[in-house]
Amino acid sequence: MAINHIWLRHFGQALVPTVFNFGISGKPPSHPELLDWLSMELMDRNWSMKSVHRLIVTSNAYRMQSSTRDANSSNAKVDPEDRYLWRMNEQRMQGEVVRDSLLSIAGQLDTAMGGLEIEAGKGLESHRRSVYFQHTPDVQVTFLKVFDEANPNECFQRNESIVPHQALALANSKLSLHVARTIERQITKQAGEPAAVDSKFIAEAFDVILNRPPSRAERSESLKFLRQQAELFQDPKKLTLVATGPAGEIKPESDPHLRARENLVHVLLNHTDFVTIR
Amino acid sequence: MKSNEQPLNSVALSPGCCTPSRRVFLADAGMGLTGLVLGAMFQREGKPATTASAWALPDGKPHFPPKAKRVIWLFMLGGVSHVDTFDPKPALNQYAGKNISETPYKDSLHSPYVKGVREFVKGDHGIKLTLYPMQVGFRQYGQSGAGVSDWFPNVGGMVDDIALIRSMYTTDNDHGAILQFHTGRHMFDGYLPTIGAWVHYGLGTLNQNLPEFVVLGEPPSDCCGGMGTHGSSYLGPEYAGVQLEINPDDPLPFASPGKDVYQQEQEGEFEFLKRLNGLSAVEYPGDAALKARIKSYELAFRMQMAVPDAVSFKEENEETKRLYGLDQEVTKPFGETCLAARRLSERGVRFVQLYHGTGGNAWDAHKDLKKAHSEQCAKVDKPIAGLLKDLKQRGMLEDTLVVWATEFGRTPGCEGANGRDHNPYGFTIWMAGAGVKRGIVHGATDELGFHAVENRHYVTDIHATVFHQLGLDPRRMEVPGQKRLDIDYGNPIKEILT
């Protein structure tokens, strides 16, 4: 049972798919020998979960790539659901990880441990880790809730929905705007302000937010976007402000070019690769 | 892929007429630059190529002329007692306190129907033998004269507009029956696409600014299907129901980025994001979540304005609000949900699924049935009747199909001192509007309300009826590699249709 849960959290799918039911009405394991072997390993390692985590994440199975682009097409045909682990599954970050990552990449995550639980209403202002917030059937941090936070009553397996609310949470929340504006200032300080170093800015932003360099196509799209947005801000009279909602603590950059950079960072926070673990 | 300019259904109609390249071309033509990327992605994924050449994503058009444009699906969680609501049984009062084996109906204990049920936990929810009288009076309503209990006076008053189906049965004797009612399969068979997801998959949207499949109210917990009861399973995450909370103070979380952002600035960002995600989609052609995320961002952008408007009641007059019971504490919560359902339907949402009765002993009256059911009925009776009246007065009942359903009925026998257990063997649901006959009673349970005996219907017959009214043939919505069984399709209940 324990191994099945640990496996589920690393691979996004459990060895026994009915995680809440190991009885006769449950589904049989996809890899019975593996389940048995790992269970024995856990016991032999004095029930050290850390040790089993290490065993799993250093395995070949764990280190497979998730892209099916160059995959053998017969695999996709025979096992489209990847029950037999011919590739890694993509997983979406859990809500807590999304929120903590936002703060972390801006260098603002408060990693202090312990203390009283924090009011759910402070979910967007507090920089403490997400685990410390109030989490009851009635009160939850909205930002975490839309990303399928654990059901406070029972949770065997997190749901991994993709709903427009998540898009709005990342696109419109003051947390993500705050983080975007913060990161833009940090990178600009490093890379410099002139448009001539935009490529450097882009590479750095991709690295900080997505942990990888931009592809050639991404770089040219990004450069185009920076020009377009900067042009937009040249003539604010032609623009319409969004009528409602609270204004952010950090004001947007007044320089059109730097504000465009803010936009770029903000978009990368909304990029599918930011919330996806591959 | 749901372009409205090109009749893509020719692909499905005439096998072999179109090569994948034409299909991809059409899709691309309808979707612009990202379309090219997405088109390439669908192609790479090999969905069309791996199967019969005739397969294509549904084109969003009905297969035959529909009677219904949209569905409002009211689902009571926990199991409503049919014998105390829409299927009164005087014999229960007559033989109250007697063991079924001592009554003229003793044969029903040995009916083959008893064997049709799969136990979730062996030995749980056995047949309750001591008959328990109806816990409330009933009377005949309307011209149809159908008997409805005094706990549903308002819906009773609308009985001439609805078709009662008193001969439902299911095969799960526990709350997995919730999942079963939505997917058509026993919970042991796993999570499969739900009725709402199929409708979303099969039909195009009527309003680009709102989700096609909206879920209101609290879903059941994990024991009983959880999110799976409005999930989309192998159809892909973009077809799952989108939950909206009805909270007039905060109609949509994160609906606006804040006053210091320009609309055009935001639009530029979403446009750029779509391009970047499109590039990733080429890299990860098998990532269904990525595809769904691209769509969800497009919808999110449009929803920012549309949802707060749809779930705000500012423009509703007092008379309408009273109709749904918004003026009374007891009826207000579900009244608001029903009113929101009408407003969403009015704006083109195809499938609105309303849950009622989450948690504990709401409808699931293993004890204190009289107290529990009278309270639950009082919460929903007026709002549901109000919804029907409102749809009718707006002319919307003509093309809106309303379904009221629950997971199973409750036993004619007593559980403990004053409750009823689960009764998967026979129960009642009803439908109204959109080509459903008005004021009829279809099918029947036996004298005790134990087994459905006349015109028996499994839950997928309800799915089939909904599809039929929407003009969809579920057999034409096959997904390659996913085998469906005959029982998954059901048969439309022609007897209740005009």
Side-chain angles (χ1 to χ4, degrees), chain A residues 17 20 25 27 66-69 71 73 76-77 80 90 92 142 146 151 153-157 159-169 171-174 177 215 217-218 221 225 228-229 232-233 236 239-248 251-252 263 266-267 270-273 276 278, chain B residues 44-46 50 118 120-121 188 190 211 221-223 226-227 231 234 237-238 240 242-243 250 252-266 268-273 275-277 279-287 289-290 292-297 299-301 303-304 481:
Chain A
F20 50 87
S25 57
K27 294 250 192 276
S66 61
S67 175
T68 55
R69 188 177 159 157
S73 63
K77 217 177 217 170
E90 293 104 357
R92 202 208 61 223
T142 312
V146 301
N151 174 347
N153 292 322
E154 46 161 32
C155 187
F156 300 100
Q157 189 170 5
N159 193 34
E160 246 186 56
S161 72
I162 297 160
V163 289
H165 302 62
Q166 293 159 2
L168 292 175
N172 288 351
S173 71
K174 60 181 182 182
L177 284 161
S215 69
E218 284 170 332
E221 285 284 356
F225 172 71
Q228 265 174 12
Q229 294 293 96
L232 205 62
F233 300 128
L239 304 177
T240 331
L241 281 167
V242 172
T244 54
K251 293 265 158 290
N263 290 175
H266 191 230
V267 167
N270 282 274
H271 195 288
T272 188
D273 288 356
T276 308
R278 298 190 188 279
Chain B
R44 256 179 216 285
E45 192 185 15
T50 52
R118 290 163 83 178
F120 194 83
V121 178
F188 292 166
S221 44
D222 289 357
C223 63
M227 303 295 171
Y234 58 73
E238 67 260 47
V242 172
Q243 263 183 282
D250 183 16
L252 181 69
F254 314 114
S256 158
K259 295 195 229 306
D260 50 13
V261 173
Y262 295 110
Q263 282 174 20
Q264 292 85 347
E265 175 183 16
Q266 202 200 29
E269 287 193 12
F270 272 77
E271 194 54 45
F272 173 51
L273 175 67
R275 286 170 192 270
L276 287 187
N277 281 340
L279 290 170
S280 281
V282 177
E283 206 61 36
Y284 298 97
D287 188 348
L290 202 165
R293 194 162 292 120
I294 291 173
K295 278 184 77 173
S296 83
Y297 266 87
L299 181 56
F301 183 72
M303 264 172 62
Q304 296 176 106

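Between A:F225 and B:F272, the ring-plane angle classifies as parallel under the 30° and 60° cut-offs.
Taking the side chain as every heavy atom from C-beta outward, A:H165 and B:L252 approach each other to under 4.5 Å. With a 4.5 Å cut-off on side-chain heavy atoms, A:S67 and B:P285 count as touching. Side-chain contact check for B:K259 versus A:L241: every heavy-atom pair is 4.5 Å or farther apart.
Across every non-hydrogen atom of A:Q229 and B:G268, the tightest pair is OE1-CA, 3.6 Å. The two residues B:D287 and A:T276 make their nearest non-hydrogen contact at OD2-CG2, 4.4 Å. Nearest heavy atom pair, residue A:R92 against residue B:R293, reads CG-NH2, 3.4 Å. For the residue pair B:A300 and A:A167, the shortest heavy atom distance occurs at CB-CB, 3.6 Å. Nearest approach of B:S256 to A:V242, heavy atoms of both residues: OG-CG1, 3.2 Å. Residues A:K27 and B:G190 come closest through the heavy atom pair NZ-N, 4.1 Å.
Proximity to chain A (any heavy atom under 4.5 Å) is shown, for B:A240, by neither the backbone nor the side chain. For chain B, the nearby parts of A:S173 are the backbone and the side chain; heavy atoms of each come within less than 4.5 Å. Within the 4.5 angstrom heavy-atom criterion, only side-chain atoms of A:L177, from C-beta onward, approach chain B.
Going from atom CD of B:Q243 over to atom OG of A:S161 covers 8.5 Å, rounded to the nearest 0.5 Å. For the atom pair CG (B:L290) and OG1 (A:T272), the distance works out to 4.0 Å, reported to the nearest 0.5 Å. For the atom pair CD of A:Q228 and CD of B:E269, the computed distance is 12.0 Å after rounding to the nearest 0.5 Å.
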Inset, instruction - Given side-chain contact (heavy atoms from CB on, under 4.5 Å), test B:S280 with A:H271 step by step and report yes or no. - result: CA-CA 9 Å; B:S280 281; A:H271 195 288; 3.2 Å; yes
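For A:N172 and B:Q266, the side-chain atoms include at least one donor-acceptor pair closer than 3.5 Å. Side-chain N/O atoms of B:S296 and A:Q166 include no donor and acceptor closer than 3.5 Å.
If you tally non-hydrogen atom pairs under 4.5 Å between each of A:V146, A:L232, A:N263 and chain B, the highest count goes to A:N263. Counting heavy-atom pairs closer than 4.5 Å to chain A, the top residue among B:M303, B:Q264, B:Q304 is B:Q264. Between chain B and the options A:D273, A:I162, A:V163, the largest number of non-hydrogen pairs under 4.5 Å is found for A:I162.
Among B:F301, B:Y297, B:F254, the single residue meeting the side chain to side chain contact (heavy atoms under 4.5 Å, CB included) criterion with A:L168 is B:F254.
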